[in-house]
Amino acid sequence: MAALSKQTIRDLDVRGRQVLVRVDFNVPMKAGSIADDTRIRAAVPTIEALRHAGARVVLMSHLGRPDGKVVDALRLAPIAAHLADLIGVPVAAVPDCIGSAARAAVKGLHDGDVCLLENVRFHAGEEANEPGFVAELAALGDVFVNDAFGTAHRAHASTEGVGHLLPAVAGLLMEREIGIMGTALADPARPFVAVVGGKKVSDKIGVLRNLIGRADHILIGGAMANTFLQAQGHAMGASYVEGSAVSTAAEILDAASQAGTRLELPSDLVIAPRLEVDAPAMIVGVDAIPADQMALDIGPDSVSRYGAVLREAGTVIWNGPMGVFEVAPFAAGTTGIARAVAECAGTTIVGGGDSVAALEATGLADRITHVSTGGGASLEFLEGKVLPGVAVLRDRH
Ligand code: ADP
Ligand code: MG
């Protein structure tokens, strides 16, 4: 598998042209204001590069799940205002993403101007990738730029459809996401270490299968580890175990050992009788879990074993927390792994919604080479799937 090589905004002359840019402004909102603007800031380099090259920038995004209807709480006007603050120029909030209002707004742009179309998911044609809706969107641009990595695993009108009607290239964020993760999968600096955690084996099965034979080490944590430990014959007490995936876990263990990938499981665990902040937590070996207790984090011996592997890595990919990091007594495993990844001198990549939240909570995110803006998209990318919003972009020859 060669690393993906797609044309980018640097390969186009955009001066005076209408550039239709799909961004991922699907940010968490609380009571009408933006709770976390990470995704907006991540799109700024592309927007600035286009403006400075003299493009007329037409931004489009979804927000939430309005399911084809107008939902006032999911309008993009607050996001346009916030973006205007970030880039220091006005950003017109267009009241629809197609139709006469959109056409008039785009027509009124001068070189270097920016507007933001209304939530594309107010129209059912967006998620249906419906040809009429695609054509209306495409009429607003001379070229299409996809910078929405977080939505690139969806073949929707604004992420994929328009790419068939307009010359289509990657934005700078998209370029970085697929470049760093693509290189890690195709041509990693070694040792290549993957840390995979989170709740379910079945959610990460595709990632595990794709990493076996590619990674030198796979370090398992989270509730997922319980399922693997059970497959090895350990009694997991009242722990969360994904019963239907125990046999899959056994197959994965087998496949890894045949492929020469060292798949490692926790040697100790943090257990408690209930998942509560004041529950009496204890550290035990994996063979000493009482029947009425549950494993809620990896223990300190596991953190130090995993940490030693991580600090020596040439490439690290981390997806999924090591324990129930949301509840303080069960956060140390995830924090310890975050510290080890931060101390690794190699290329380090963290993806996954909860993993990124856990990393942000440690304050170590700026010591990671690349924190992916896409949860589901990064998972599918790591599974080795071709993302439709990437496939539609022009290849570099
Ligand atoms: P990501 O969003 O990074 O892909 P997942 O959604 O797969 O991660 O998993 C995160 C969830 O797994 C968190 O809500 C966390 O509380 C839960 N989890 C981790 N370890 C355990 C455990 N030992 N028991 C129960 N839940 C766990
Ligand atoms: Mg999650």
Side-chain angles (χ1 to χ4, degrees), residues 194-205 207-208 217-246 248-250 252-253 263-310 318-342 350-365 375 379:
V195 189
V196 185
K199 192 134 192 198
K200 293 185 174 178
V201 172
S202 57
D203 284 348
K204 306 285 161 88
I205 186 79
V207 174
L208 291 170
H217 298 259
I218 300 178
L219 313 175
I220 303 281
M224 252 183 59
N226 300 342
T227 305
F228 276 96
L229 288 167
Q230 178 148 323
Q232 283 193 332
H234 300 280
M236 298 310 294
S239 305
Y240 177 87
V241 171
E242 192 183 2
S244 59
V246 175
T248 309
I252 294 277
L253 286 165
L263 191 148
E264 314 218 13
L265 299 177
S267 39
D268 60 347
L269 298 161
V270 180
I271 60 167
R274 35 180 213 283
L275 178 47
E276 279 167 23
V277 71
D278 58 355
M282 281 195 321
I283 296 156
V284 297
V286 293
D287 282 321
I289 306 169
D292 59 347
Q293 305 247 342
M294 41 192 183
L296 296 167
D297 194 11
I298 63 172
D301 182 60
S302 309
V303 171
S304 98
R305 282 172 47 231
Y306 288 5
V309 175
L310 288 166
W318 179 14
N319 182 293
M322 297 291 98
V324 185
F325 69 96
E326 301 95 330
V327 183
F330 314 110
T334 301
T335 308
I337 294 304
R339 198 166 299 126
V341 177
V350 180
D354 292 293
S355 323
V356 171
L359 176 70
E360 303 278 356
T362 64
L364 293 165
L379 205 60

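Values reported hereafter were calculated over all heavy atoms of this structure, with side chains retained and with hydrogens, waters and symmetry mates removed.
Counting heavy atoms from C-beta on, the side chains of Leu359 and Val341 never come closer than 4.5 Å. Asn319 places none of its side-chain heavy atoms less than 4.5 Å from the side chain of Val207.
Closest non-hydrogen pair, Gly320 versus Ser355, comes out as N-OG, 2.5 Å. Nearest heavy atom pair, residue Val270 against residue Pro329, reads CG1-O, 4.1 Å. In plain terms, the two heavy atoms of Ala272 and Phe330 that are nearest each other are CB-CZ, 3.8 Å. Counting all heavy atoms, side chain and backbone alike, Ser267 lies closest to Asp301 at OG-OD2, 2.7 Å.
Legend: residues meeting side-chain contact (heavy atoms from CB on, under 4.5 Å) with Val303, ordered by chain and number and at least two apart, are Ile298. Residues passing the side-chain hydrogen bond (donor to acceptor under 3.5 Å, both in side chains) test with Asp268 are Ser302, sequence neighbours excluded. In terms of the salt bridge (Lys or Arg N to Asp or Glu O under 4.0 Å) criterion, Arg339 has no residue partners (sequence neighbours excluded).
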Side chains of residues 276-292: which donor-acceptor pairs under 3.5 Å do they make with residues two or more places apart or in other chains?
from, atom 1, to, atom 2, distance (Å)
Glu276, OE1, Arg274, NE, 2.8
Asp287, OD1, His234, ND1, 2.7

For a quick test of your reading: what N or O donor-acceptor pairs under 3.5 Å do the side chains of residues 236-245 make, sequence neighbours left out?
from, atom 1, to, atom 2, distance (Å)
Ser239, OG, Met236, O, 2.6
Ser239, OG, Ala295, N, 2.9
Glu242, OE1, Val201, N, 2.8
Glu242, OE1, Ser202, N, 3.1
Glu242, OE2, Ser202, OG, 2.5

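Within the model, atoms CD1 of Ile337 and CG of Leu364 stand 12.0 Å from one another, a figure rounded to the nearest 0.5 Å. Atom CE in Met224 sits 8.5 Å away from atom CD1 in Ile252 (nearest 0.5 Å).
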Test side chain to side chain contact (heavy atoms under 4.5 Å, CB included) on Val327 and Leu296 and set out the steps. CA-CA 10 Å; Val327 183; Leu296 296 167; over 6 Å; no

I would like to know whether Leu208 and Ile220 meet side chain to side chain contact (heavy atoms under 4.5 Å, CB included); could you show each step before the answer? CA-CA 10 Å; Leu208 291 170; Ile220 303 281; 3.9 Å; yes

Side chain to side chain contact (heavy atoms under 4.5 Å, CB included) between Met322 and Leu219, worked out: CA-CA 10 Å; Met322 297 291 98; Leu219 313 175; over 6 Å; no

Does the pair Thr227 and Lys200 meet the rule for a side chain to side chain contact (heavy atoms under 4.5 Å, CB included), with working shown? CA-CA 8 Å; Thr227 305; Lys200 293 185 174 178; over 6 Å; no

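For residues 321-336, no pair satisfies side-chain hydrogen bond (donor to acceptor under 3.5 Å, both in side chains), with sequence neighbours left out.
For Arg305 (side chain) and Leu265 (main-chain N/O), a donor-acceptor pair under 3.5 Å exists by modelled atom type. Here the side chain of Tyr306 pairs no donor or acceptor atom with the backbone of Gly333 at under 3.5 angstrom.
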